[in-house]
Each structure stands twice: as C-alpha cells, then as structure tokens.
Amino acid sequence: MRARYNALKGFEDILPPSSGLWKELEDKASRVFLSCGYNEIRVPIAESTDLFARSIGETSDIVSKEMYTFMDKGCRSMTLRPEGTAPVARAYVEHNLSILPPPQKFYYAGPMFRYERPQKGRQRQFHQVGVECFGAGAPEADAEVIYMLCRFLEAAGVRDFRLDVNSIGDDKCRPVFRQRLVEFFAPVKNELCPDCQRRYEQNPLRILDCKVPRCVELRANAPAITDSLCDECRAHYENVLGFLDTLGIKYNKNPLLVRGLDYYTRTTFEARSSLLGAQDAFAAGGRYDGLVEEFGGPSTPAVGFAVGMERLAGMLEGNAALPVMDAFIAYIGNGTPQRALKLAAGLRENGCRVELGFGGSLKSQLRKADKHGARFAFIIGEEELASGMVKWKDLKQHTSGETPERDAGLLLKT
RNA sequence: GUGGGUGUAGCUCAACGGCAGAGCACUGGACUGUGGCUCCAGGUGUUGUGGGUUCGAAACCCAUCACCCACCCCA
C-alpha cells in the first residue's frame, strides 16, 4: 500500500508517544515561566514581510533566502514567521504595552518556518517556546532570563548541556570592534575560506564561528569582543556574570559566540549539547535593546530566548512513553458492550484512564490489556450480565476476583 | 543553494545478475470465557517511480522522486 500523500518536505508529524513528551515539555515550560511572572502571548504565524526583513537584517540568511514569503490576494507581501521575537515586539508596540508598568513579560510556543534544506535537528516547520521581557535594562533581567532557561531545562530532565555566554556590545562599541576585526583579518584575507571572505565583507563577526580548520587557526590571536566593550557594556556584562554566579549557574564565557540576528545587543547566550548532531544549539537568546524603538515604540530595553522543541525533544526521546492505563474492560457476548461502556464511563468520570476491548476473543482482549500496561482488567460476559457482578484481574499482582459492578471503582483506589 | 549517502513487509534489515527472505510487531490457535512465558499457524510486497542493458534485474546503467547526513545558516 502506497500512501497517496506525504507530508511536505521539512514538515513532519509528531506522533505518540513523542507528542506526549512535547506536551509535557510545554507544560513544564509554562509552569516555570509563569512562576517568574511571564504570561502567555499568542501572536499570528504570519506577519508582513517587512517586519522580519527590518528586524532580523536584510543581509542575514534568514531574510535573504529562508523566508516563506508570498503575496496574498490583496497583493500584500506576507511571511510565515521565521522566529518569535519580532512578532512579539510588534504586538508590544502595537498595543502600547509600554504604558503598562515595566517590565512586561511574555512567553509563547508555536511553529516557526524557514525554507532550508532539512537535516538532523532542522525542519522547515519547527517549533519554539520562548520568552521576551520588555522594559528591564538591568543586568538582573538578563540573569533572570538565563535562570529561567536553566530551570526549565532542569525540569525537562536535560543534564548534558553547556551554556555559553558572551556580550556583543552595543551601537557604540560593536562598530569599533568590527573595525578592529577587519584590520586584523586584512593581511590574511585571501587565506580565509570562501565563506569567510564573503563574511569579511558582509559581517566580519561571523568569521569568529567558522568551522573550517584554517580559519580557526587564523583567528587564534584575533581580538576578543569582550576587550572592546565600552564601559557601560562591560559593566553590564560583568554584572550579568556575577548574578549568574550568585544563582549558581555554570556557564562558559565564549567570546566567539556571535549571533546571526541583527537586533541583538550586549548579552548573548546559547545552550548546546553533544547529544545532538551538527546542529547542536537547542536554545539561544540575548538582549535586543533597539528593537522596540525600531518598530516605532519608545526606547525600550528587552531580553529573551527561544528553545528549539525538536532539538530539545531529540535529546529526550528515550523518555517518550505512552501513558499507562489504569483499567481495561474486556467484554464478550450479547448485551455486554452496553455494560462495558457504562462501566468505562463511570470509571473515567472518576479520573481513571480506562481502555475498552472493542471486540475479539477474550484472550486477545486480555493480551491488549497487558500491552496497555493496565493494572486491572475487568471482564464482562453473559454470566456477569445476569449476576450484575464483574470479574476483575489484577494484572500486576496476578490476583483475581469478582465484585458488584458499582464497586469496581473502589478497586482502582487501592 | 552546494556536497555525499540511502530507498526491499507496519518497523529494523538480508538476498553473487537466477523462485523476494529473517527478526520484531500484528492476528488467530494450542487453552471453545481469562494476559505476560512457550509452541504452532497466518501474510500483507507494483523491491520509491519511469526507462534502458540482459535469456533473466531488488541488484548493472540513465533519469526522476523521496528521505537521511553534512555545508551555508540557525532553534
């Protein structure tokens, strides 16, 4: 049998038991975020193309080649969101949330879209949960956001990861650093890989995270951005690091960590794991103090992060399991389906997970009961129909007996 | 967009150019109304698709599609 249709390239179904793991992760995320004063925001999955082009950066790969952009019937150019920060910032400005007492803190979860070649840990439709905090410029806010990420990862059961932190400065000091980098690489420009020669022109900071061995050698003595920070940015960075120490959060200072989105300022951070493939960063974020203003709002500092759900779930796949049923009802004979349905309804309304046999021999139904991991199996046949009793089997303790049907629920409480 | 790899049963994978198979899973039975363990039986296949070479192709060649991995970039 050949399926007539397949999911689109890079778009995938999330089936049980994996979907159960996802649900659990999303629940844990919202619990942690709510505890820190973040409330859920739901924003559209499409925005005007311009919103992303302006915020992420016209020259970034995301904008220049990875966006799902199309014209609607009114000839408006719209784009399926490639990330969550820009839409949330847009909503913040559009609804004048800056008049509310700062900070305003939001979390979101949902699909993002980038037109890329799929590979391990990368789909065209992928999912993120993220947080955005507006109106807090203090380094405590950076620390709180990183703390939340760590709390969430801990709750999710992620152990094997590494947290990199860096500061990429602001409008004042980053251009200075950029110039220093250009000067540093100028003499060896021709030895850089072709990609880095392009980066040299477009975004020299990206040379810092090239993987080509020769480029790694060439940058060995390159200036570090953290040595070029202005006084304000340096103080901010040192405070953030100090607060992370206070919170007992372990991190690596990584001066090579540069992020691909134009709107980042000062703090950037990234969590990666060796459990993943080449795309090993499963969460990342940073400060973006200029974005709200860019969207026409008042100058508003902001900081946030996003977690890639596919990558996170990929690290935890072993934890995915179907939930175990509390009881299984096997029935056979005329008139027994009605009795089974009623018994199931009663138990379910008491909060039990109950599965029905749905026909077949008694043996096959009990086999199913076992496969569902049910502790109890109830058996209703024509004898029980006449007597008003149900037979029960404790499938774990290998005991069995008979009980009036209305007392079946009591067994499950033991 | 670039490079490499793989397409055979629901899943994991075998089969030198010579009858398409195994394990797991599934269903039934042994035990006619009682799970797990054991044994027996069942069988789903246009070998991704289209062409070519050949007496003969799952295998070789070409094309195409899909998926995987990696690069670029990113979560």
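Model, not experiment: these values are computed from the prediction. So that the names make sense, note that chain A is the first sequence line, chain B the second, and so on, each numbered from 1.
Residue contacts for A/Arg198: at a heavy-atom cut-off of 4.0 Å it reaches the sugar-phosphate backbone alone, with no base atom in range. Residue contacts for A/Glu383: at a heavy-atom cut-off of 4.0 Å it reaches a base atom on one of the strands shown. A/Lys363 comes within 4.0 angstrom of a nucleotide base, judged by non-hydrogen atoms across all strands.
Across the P atoms, B/C31 and B/C13 are found 39 Å apart, a figure rounded to whole Å. If you take atom C1' in B/G50 and the same atom in B/U12, they sit 29 Å apart, rounded to whole Å. If you take atom P in B/A41 and the same atom in B/C67, they sit 40 Å apart, rounded to whole Å.
A donor-acceptor contact under 3.5 Å is formed by the side chain of A/Gln279 with the base of B/C73. In terms of polar N and O atoms assigned as donor or acceptor, the side chain of A/Glu384 comes within less than 3.5 Å of the base of B/G33 in a complementary pairing. For A/Lys211 against B/C71, no side-chain N or O and base N or O form a donor-acceptor pair under 3.5 Å.
Using a 4.5 Å heavy-atom cutoff, the side chains of A/Glu66 and A/Ser60 are not in contact. Here the side chains of A/Glu12 and A/Phe126 are not in contact, with every heavy-atom distance at 4.5 Å or above. Inter-residue side-chain proximity for A/Glu116 and A/Gln123 is flagged as unmet; no heavy-atom pair is nearer than 4.5 Å.
A/Glu116 has its CD atom 14 Å from the P atom of B/C68, to the nearest Å. The CG atom of A/Asn334 sits 15 Å away from the P atom of B/G33 (whole-angstrom rounding). Put simply, NZ on A/Lys368 is 13 Å from C1' on B/G35, counting in whole angstrom units. One interatomic measurement links the two molecules: CD1 of A/Ile332 to P of B/G33, which rounds to 6 Å at whole-angstrom precision. Between the CG atom of A/Leu362 and the C1' atom of B/U32 there is a distance of 12 Å, given to the nearest Å. As rounded to whole Å, 17 Å separates atom C1' of B/U34 from atom CE of A/Met389. Summarising the geometry, the separation between NZ on A/Lys9 and P on B/G7 is reported as 18 Å, rounded to the nearest angstrom.
At the phosphate of B/C73, neither OP1 nor OP2 sits under 4.0 Å from any side-chain N or O atom of A/Ser60. Proximity of A/Gln119 to the phosphate of B/A70: a side-chain N or O atom is located under 4.0 Å from OP1 or OP2. Between A/Ser361 and B/U32 there is no side-chain polar atom (N or O) within less than 4.0 angstrom of OP1 or OP2.
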Determine which bases of RNA chain B form Watson-Crick or G-U wobble pairs with both distances under 3.5 Å, and write the result as a 5' to 3' dot-bracket string with | for other-strand partners.
(((((((..((((....[..)))).(((((.......))))).....(((((..]....))))))))))))....

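If you find the closest nucleotide of RNA chain B to A/Leu395 and to A/Gly277, the one lying nearer the 5' end belongs to A/Leu395. Each of A/Val212 and A/Ala306 was matched to the nucleotide of RNA chain B holding its nearest heavy atom; the match closer to the 5' end belongs to A/Val212.
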